[in-house]
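Since the model is a prediction, treat every value here as computed from it, not as a measurement.
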Amino acid sequence: MNKNELRKIYKNIRNNIKDRNIQNEIIFNKLINLEEIKNADIILIYVSFNNEVDTLNIIKYFLKKKKIAVPKVNSDEMDFYYINSFNDLSKGSFNILEPTTNNKVTNFNNSICIVPGLCFDKENYRLGYGKGYYDKFLSNKNIYTIGLSYKETIIKKLPIDKYDIKLDTVIH
């Protein structure tokens, strides 16, 4: 199966997950107790939408504890900007909440990037939405990466190409 066929299948699977709230809570608890998260100063994290694993509770939890930055798409690039509260977000590209601040992250020392995906494989590769923003962003940075996935969206093996970035871990 090619990536576009897999995207259709896994969007549908993700949209029909029945115990989403339970899984979100399990993922949240695993994530906040991860040693790498505890030791990080900066958390680069997507704002969940369209039945993605919930990151709003994660962002809320860490806002007073860590520096939080969320992505913003600028034409074909994606950058991360620090936020201090949910008031620093408004709908942007693809109807996703994006930062309204101009406080761009330029130093990625001791940061972690929480990466979205439609599905993930057992080797920690991800299938994104096909635009390549995260792979491009991560390609020249040494940042610890974490994928968040429902158990139904973990598969044995994804088709990968030279641009696909392997994540450090996937929590499900």
Side-chain angles (χ1 to χ4, degrees), residues 1-11 14 27 30-31 34-55 58-59 62 66-83 88-89 91-150 153-172:
M1 239 182 285
N2 69 36
K3 288 183 177 185
N4 285 331
E5 292 167 327
L6 286 168
R7 281 186 187 96
K8 285 180 191 165
I9 290 168
Y10 282 93
K11 270 185 193 174
R14 194 176 66 190
I27 292 165
K30 285 181 180 179
L31 180 72
L34 203 63
E35 216 46 50
E36 290 83 357
I37 283 279
K38 289 179 181 179
N39 295 329
D41 294 325
I42 304 165
I43 298 176
L44 311 172
I45 185 168
Y46 66 97
V47 181
S48 55
F49 86 117
N50 277 1
N51 295 321
E52 290 176 322
V53 170
D54 176 46
T55 61
I58 296 165
I59 293 168
F62 282 117
K66 309 264 184 195
K67 291 180 182 174
I68 298 295
V70 297
K72 182 176 187 172
V73 172
N74 303 306
S75 66
D76 66 337
E77 296 271 319
M78 181 180 71
D79 295 304
F80 281 82
Y81 295 83
Y82 292 110
I83 62 165
D88 292 338
L89 300 172
K91 283 194 176 176
S93 298
F94 312 107
N95 248 357
I96 300 171
L97 289 175
E98 289 186 339
T100 55
T101 67
N102 292 321
N103 193 1
K104 185 175 167 180
V105 180
T106 56
N107 181 347
F108 296 96
N109 288 342
N110 209 24
S111 65
I112 282 193
C113 187
I114 298 175
V115 183
L118 284 163
C119 66
F120 299 83
D121 73 11
K122 302 219 182 260
E123 294 178 21
N124 295 344
Y125 283 99
R126 62 183 271 279
L127 180 68
Y129 294 95
K131 303 286 187 208
Y133 292 118
Y134 276 87
D135 292 323
K136 192 173 182 181
F137 171 78
L138 294 167
S139 67
N140 60 356
K141 294 175 183 65
N142 186 20
I143 299 174
Y144 191 86
T145 52
I146 302 170
L148 304 179
S149 179
Y150 295 114
T153 57
I154 298 286
I155 67 173
K156 191 173 183 174
K157 184 86 176 105
L158 280 167
I160 57 169
D161 61 40
K162 65 181 180 181
Y163 299 110
D164 292 329
I165 302 287
K166 183 176 183 171
L167 303 180
D168 292 297
T169 193
V170 175
I171 296 175
H172 53 90

For Y134, does the six-membered ring have the charged nitrogen or CZ of K136 within the cation-pi criterion, i.e. under 6.0 angstrom from the centroid and within 45° of the normal?
no
Any carboxylate oxygen within less than 4.0 angstrom of a Lys/Arg side-chain nitrogen, looking at K91 and E98?
no
Does a side chain donor of either N2 or N4 reach within less than 3.5 Å of an acceptor in the other side chain?
no
I114 side chain near L44 side chain, heavy-atom distance below 4.5 Å
no
Between K3 and G130 (side chain of the first, backbone of the second, donor and acceptor by atom type, cut-off under 3.5 Å), is there such a pair?
no
Could you check whether any side-chain N or O of K141 sits under 3.5 Å from a backbone N or O of F137, counting only pairs where one atom can act as donor and the other as acceptor?
yes
Under 6.0 Å between ring centres: does that hold for Y150 and F120?
no
Determine whether a donor-acceptor pair (N or O, by modelled atom type, separation under 3.5 Å) exists between the side chain of D135 and the backbone of G132.
no
Less than 4.5 Å apart, any side-chain heavy atom of I146 and any of L34?
yes
Keeping the roles fixed (side chain from R126, backbone from P116), state whether a donor-acceptor pair exists under 3.5 Å.
yes
Is there a donor-acceptor pair under 3.5 Å between the side chain of R14 and the backbone N or O of T153?
no
Decide yes or no on side chain to side chain contact (heavy atoms under 4.5 Å, CB included) for L138 and C113, but give the supporting numbers first.
CA-CA 9 Å; L138 294 167; C113 187; 4.2 Å; yes
With a 3.5 Å cut-off and no angle check, do the side chains of D79 and N74 form a donor-acceptor pair?
yes
Using a 3.5 Å distance criterion without hydrogens, assess whether the side chain of K67 forms a donor-acceptor pair with backbone atoms of I43.
no
Hey, is the main chain of K38 close enough, under 3.5 Å, to the side chain of K66 for a donor-acceptor pair?
yes
Does the side chain of T145 pick up a donor-acceptor pair with the side chain of D168 at under 3.5 Å?
yes
Side-chain contact, heavy-atom cut-off 4.5 Å: F62 with I45?
no
Quick one, V73 and Y133 - any side-chain contact, counting heavy atoms below 4.5 Å?
yes
Report yes if some heavy atom in the side chain of P71 is under 4.5 Å from a heavy atom in the side chain of Y81; otherwise report no.
no
Does a side-chain heavy-atom distance below 4.5 Å link V47 with I59?
yes
